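To start, the structure under review is shown below, and the notes come after it.
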Amino acid sequence: MTSSHSNTRLSPETILIAVAWPYANGHLHAGQIAGAYLPADIYARYHRMLGNHTLMVSGSDSHGTPVTVRAESEGTTPTEVFERFHESFLDTFNRFGISFDLFTTTDTENHAKVTQDIFLTLLERGYLYEAEQTLLYDPQADRFLPDRYVEGTCPHCEYTQARGDQCDDCGRTLDAFELINPRSKLSAASPVPKTTKHHFIKLSAFNDSLTEWVTQQTHWRPAVRNFTLGMLREGLHDRAITRDIDWGISVPLDGYENKRIYVWFEAVIGYLSATKEWAQIEGRPDDWKNWWQNSESRIIYFQGKDNVPFHTLIWPAMLMGYGDLNLPYDVPANQYVTISGSKASTSGNWAIWMPDYLDRYDPDPLRYALTVLMPETSDSDFSWSEYVRRNNDELVARWGNLVNRVLTITRRNFEGRTPATPSSLSQESETLLRRVDDAFEIVGEQINEVQLRRALASTMEIAQGTNQYLEERAPWSAVKNDPEHAGETLHTAINAISGITTLLQPFLPFTCAAAWDFLGHSGEVQEAGWGRTPVAGETLLPEPSPLFRKLDDSIVEEEEAALGT
RNA sequence: GGCAGGGUAGCUCAGAGGCCAGAGCAGGGGCUUCAUAAGCCCUUUGUCGGCGGUUCGAUUCCGCCCCCUGCUACCA
């Protein structure tokens with residue numbers, strides 16, 4: 001292997017890739033994929049190819065009020081609802097190539113055990129306390145109402161559809177008790193105040209240690225770090241972590257039979273419990289410690305921006321309180337992807353639903369489109385016309401066609417085999433191959449820093465450079481009067497393509513697997529390591545077929561018409 | 001209201017205290033024909049949101065203002 005990669009960190013590294021837990025009350029859409037799952041997958045595939053101890057985990061968030069509400073409106077059980085969408089998630093990840101080592105759920109015995117242990121330990125150490133709280137209660141639905149499940153008239157602007165947490169009309173933050181004529185969103189009933197007892201986590205006790213810790217995280221994205229520091233400057237509020245519901249994890253205390261541990265407290269614990277579950281499945285139950293207690297390991301949380309405080313404040317506070325577990329190394333949260341200029345909306349059907357997409361199109365073009373516009377610094381916009389254009393101009397014409405044209409000329413003129421290895425290489429050929437080899441370090445570092453759009457652009461530039469190289473060397477004419485020159489060119493181009501295929505594998509795993517086979521390689525590209533695998537002279541080349549399908553412009557209109565219906 | 005991010009070519013976006021502010025696409029011109037009518041070269045366009053300030057010099061730093069997006073913690 002001629003890899004030029006040199007890793008400045010200790011190698012192999014130990015890396016836990018912790019990905020957002022999707023709420024199991026609907027299918028996944030492209031915005032969630034671009035925000036968390038795809039960047040995590042690219043990152044994981046790269047680190048696996050480097051040979052690092054890489055583990056990628058997540059699971060379905062199966063608890064919470066929306067799951068219960070959906071179950072009731074469908075006349076079924078919460079279990080049925082979350083299991084249905086858990087299956088949908090697994091199917092999406094499988095078809096889209098999101099390569100989890102374990103994608104579990106929060107409804108396992110293991111997770112309940114880990115959660116209860118953390119709960120009791122924090123209680124023992126004085127980080128939890130019991131207090132009374134008065135909340136709005138829906139007597140008809142027999143349930144306490146989160147602020148946003150209460151509607152009424154805004155006391156400031158008299159908008160009649162204001163939610164209990166915020167008025168959508170004037171934008172002001174509200175307290176549900178301020179609403180005039182409050183109504184429950186779950187029934188027609190008027191909510192009434194009711195006092196209840198809960199456990200609170202003393203987040204305020206961690207304000208100083210969190211501030212000190214976050215201040216040191218200068219490698220975090222500015223948006224994530226500034227936002228977090230801003231909240232710390234305001235001062236953290238203690239939060240209730242139990243609820244009067246019956247769907248969720250039991251509170252391990254007497255007198256709490258009718259309460260459950262609240263979802264946001266237990267869902268983040270899923271990262272730890274999933275690691276433990278994976279270790280048990282592997283038959284090495286202590287292996288979770290490699291990621292959570294080894295000071296050399298890095299834990300990276302891939303999230304959408306709405307989840308930042310849970311991963312930069314609340315979960316770290318819980319970890320500090322529990323002790324002896326690694327704090328997050330980074331939380332490279334993404335902004336949002338809008339669809340044709342508007343924010344994705346589940347209820348308005350304004351989204352690219354992954355099951356629908358995968359029924360109609362191939363995974364790699366969407367992986368490509370979403371990576372190219374990954375919202376790493378600001379919100380970005382997905383449109384079907386850009387999707388089609390990028391597929392046709394960039395994947396089909398620039399990269400797919402490069403592979404196809406080189407292999408086709410070669411097979412036709414060199415008896416179906418790679419030309420013999422040239423005795424010496426021209427300046428241009430050497431330059432091209434060096435550029436490919438150097439890219440492993442450059443692109444690798446960009447992936448490691450989670451600058452994925454830049455990493456993909458860097459790689460695609462090399463594909464373009466290979467097209468330029470071919471133009472200059474015109475092997476299609478050289479083959480007639482200077483076969484040796486043509487042979488050197490095509491041998492070099494095939495080797496460049498081999499390197500580019502490996503570089504693209506984290507981004508486009510399906511088509512790179514195909515390209516790998518067309519190059520006459522055996523085995524799998526993801527097993528080849530992060531470096532260019534040379535193609536020897538006289539390698540038998542199988543008949544290639546196009547890596548990407550050209551898409552017709554008509555799908556733009558079709559797909560856009562389906563939005564919002 | 002508060003906080004955060006953003007406002008850069010027709011479009012989608014990069015970028016950086018100072019050589020002519022960039023890329024891809026779109027538009028215009030040319031070359032090529034191996035390839036999925038694919039490839040390559042050349043080329044037009046910008047008051048870098050507005051107003052002040054710091055500086056020898058700012059679009060890049062600071063202040064104020066306008067606009068967009070998100071968050072504002074019992075949705076997670």
Side-chain angles (χ1 to χ4, degrees), chain A residues 20-23 25 61 63-66 69 133 135-136 144-150 156 163-166 170-176 198 203 221-231 233-234 236-243 262-268 303-310 313-314 335-336 338 343 372-373 375 377-383 385-386 389-390 392-398 400-410 412-413 453-454 457 460-461 464 466-472 474-479 486 489-490 544-550:
Chain A
W21 290 59
Y23 219 25
N25 69 337
D61 185 347
H63 301 135
T65 309
V69 170
Q133 196 180 25
L135 295 168
L136 287 175
F144 282 94
L145 296 168
D147 281 352
R148 65 172 51 199
Y149 278 79
V150 183
H156 302 103
R163 286 199 321 257
D165 56 339
Q166 181 169 32
C170 69
R172 262 180 268 241
T173 306
L174 304 175
D175 188 303
H198 283 301
L203 291 175
R221 291 183 178 174
V224 172
R225 188 159 173 271
N226 291 339
F227 176 79
T228 304
L229 287 171
M231 287 184 79
R233 237 176 280 125
E234 304 277 307
L236 299 185
H237 307 337
D238 297 349
R239 288 179 65 148
I241 59 163
T242 51
R243 285 294 182 282
Y262 197 47
V263 241
W264 67 256
F265 182 84
E266 52 109 336
V268 288
Q303 304 294 323
K305 62 175 160 184
D306 51 335
N307 270 326
V308 166
F310 292 91
L313 294 170
I314 296 174
Q335 311 294 304
Y336 287 151
T338 56
K343 194 190 165 189
V372 160
L373 55 77
T377 53
S378 57
D379 290 352
S380 63
D381 190 54
F382 176 93
S383 69
S385 56
E386 272 291 286
R389 188 197 65 72
R390 290 199 185 272
N392 291 352
D393 292 352
E394 299 179 17
L395 290 178
V396 172
R398 189 175 305 162
N401 181 55
L402 168 67
V403 175
N404 195 241
R405 70 194 291 210
V406 166
L407 294 177
T408 305
I409 321 175
T410 306
R412 194 170 296 156
N413 295 286
R453 55 197 304 174
R454 183 174 298 175
M460 289 301 285
E461 275 170 25
Q464 187 170 22
T466 308
N467 276 321
Q468 289 163 341
Y469 166 83
L470 287 175
E471 204 61 33
E472 213 173 296
W476 46 89
S477 14
V479 84
T489 303
L490 293 168
S545 58
L547 293 176
F548 303 95
R549 287 185 298 161
K550 193 155 180 170

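Throughout, a chain's letter reflects where its sequence line sits, starting with A, and its residues are numbered from 1. Note that the structure is a prediction, hence the values are computed from the model and not measured.
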- Could you say whether A223(A) or A397(A) is positioned toward the 5' end of RNA chain B, judged by the nucleotide with the nearest heavy atom to each? A223(A)
- Message: So, does R412(A) get its side chain near the phosphate of rC34(B), meaning an N or O under 4.0 Å from OP1 or OP2?
- Response: no
- Task: In whole angstrom, give me the gap between the C1' atoms of rC64(B) and rA16(B).
- Result: 24 Å
- Under 4.0 angstrom, heavy atoms only, what part of the nucleic acid is F548(A) near: base, sugar-phosphate, or nothing? base
- Message: Using a 4.0 Å heavy-atom cut-off, does A267(A) contact any base of the nucleic acid, only the sugar-phosphate backbone, or nothing at all?
- Response: sugar-phosphate
- Remember a base hit wins even if backbone is also touched, and classify Y149(A) as base, sugar-phosphate or nothing at under 4.0 Å, heavy atoms. nothing
- Message: Taking the P atom in each of rG53(B) and rA14(B), what is the distance between them to the nearest angstrom?
- Response: 31 Å
- Mind checking what makes side chain to side chain donor-acceptor pair (under 3.5 Å) contact with T242(A), not counting sequence neighbours? H198(A)
- Query: For the side-chain contact (heavy atoms from CB on, under 4.5 Å) test, which of V403(A), V396(A), N401(A) pairs with F548(A)?
  - Reply: V396(A)
- Just by distance, do the side chain of T410(A) and the backbone of L490(A) share a donor-acceptor pair under 3.5 Å? no
- rG5(B) and rA37(B), which share atom name P, separated by this distance in whole Å: 47 Å
- Can you list the residues that meet the ring pair (Phe, Tyr, Trp, His ring centres under 6.0 Å) rule with Y23(A), with sequence neighbours excluded? none
- Message: Please report the distance separating the C1' of rU60(B) from the corresponding atom of rG7(B), rounded so that it comes out in whole Å.
- Response: 15 Å
- Task: Considering only atom P, compute the distance from rG10(B) to rG18(B) and round it to an integer number of Å.
- Result: 24 Å
- Message: Once you apply a heavy-atom cut-off of 4.0 Å, does R549(A) come out as touching a base, just sugar-phosphate, or nothing?
- Response: nothing
- Message: Taking P309(A)'s backbone N and O only, do any of them form a donor-acceptor pair with T228(A)'s side chain (distance below 3.5 Å, no angle check)?
- Response: no
- Message: Does rG5(B) have its OP1 or OP2 closer than 4.0 Å to a side-chain nitrogen or oxygen of N226(A)?
- Response: yes
- Are any side-chain N or O atoms of N413(A) and backbone N or O atoms of I409(A), one a donor and one an acceptor, separated by less than 3.5 Å? yes
- Task: Describe the nucleic acid contact of D381(A) in one word from base, sugar-phosphate, nothing, applying a heavy-atom distance below 4.0 Å.
- Result: sugar-phosphate
- Task: Assign L547(A) to base, sugar-phosphate, or nothing according to its heavy-atom contacts below 4.0 angstrom with the strands shown.
- Result: base
- Query: Less than 4.5 Å apart, any side-chain heavy atom of W21(A) and any of V268(A)?
  - Reply: no
- P-based separation of rC51(B) from rC56(B) [nearest Å]: 23 Å
- Is there a donor-acceptor contact under 3.5 Å from the side chain of N467(A) to the main chain of R398(A)? yes
- Task: On RNA chain B, check which nucleotide each of S477(A) and Q335(A) is closest to and give me the residue with the more 5' one.
- Result: Q335(A)
- Query: Checking all strands, does D61(A) fall into the base, sugar-phosphate, or nothing category for heavy-atom contacts under 4.0 angstrom?
  - Reply: sugar-phosphate
- Message: Students often get this wrong, so: under 4.0 angstrom with heavy atoms, is V396(A) touching a base, only sugar-phosphate, or nothing?
- Response: base
- Strand RNA chain B as a dot-bracket string - pairs counted if Watson-Crick or G-U with both distances under 3.5 Å, | where the partner lies in another strand: (((((((..((((....[...)))).(((((.......))))).....(((((..]....))))))))))))....
- Look at all strands and tell whether L236(A) reaches a base, only sugar-phosphate, or nothing, counting heavy atoms closer than 4.0 Å. base
- Is the distance from OP1 or OP2 of rA23(B) to the nearest side-chain N or O of R454(A) less than 4.0 Å? no
- Of all the nucleotides listed (rG70(B), rG24(B), rC34(B)), which has the minimum atom distance to the side chain of I409(A)? rC34(B)
- Query: Do the side chain of N401(A) and the base of rA35(B) come within less than 3.5 angstrom through a donor-acceptor pair of N or O atoms?
  - Reply: yes
- Message: Need one value for P546(A): base, sugar-phosphate or nothing, where a base atom within 4.0 Å counts as base even if backbone is also close, heavy atoms only.
- Response: base
- Task: Report yes if a side-chain nitrogen or oxygen of Q464(A) is closer than 4.0 Å to either non-bridging phosphate oxygen (OP1 or OP2) of rG39(B); otherwise report no.
- Result: no
- Message: What's L135(A) touching, base or sugar-phosphate or nothing? Going by heavy atoms closer than 4.0 Å.
- Response: base
- What nucleic acid atoms does R233(A) come within less than 4.0 Å of, heavy atoms only: base, sugar-phosphate, or nothing? nothing
- Message: Work out how far the C1' atom of rG15(B) is from that of rG6(B), and round it to whole angstrom.
- Response: 15 Å
- Would you kindly check whether a donor in the side chain of Q133(A) faces an acceptor in the base of rC74(B), or vice versa, at under 3.5 angstrom? yes
- Provide the distance between the two P atoms, one in rC20(B) and one in rG63(B), to the nearest whole Å. 29 Å
- Task: Report which part of the nucleic acid S383(A) touches: base, sugar-phosphate, or nothing (heavy-atom distance under 4.0 Å, all strands).
- Result: nothing
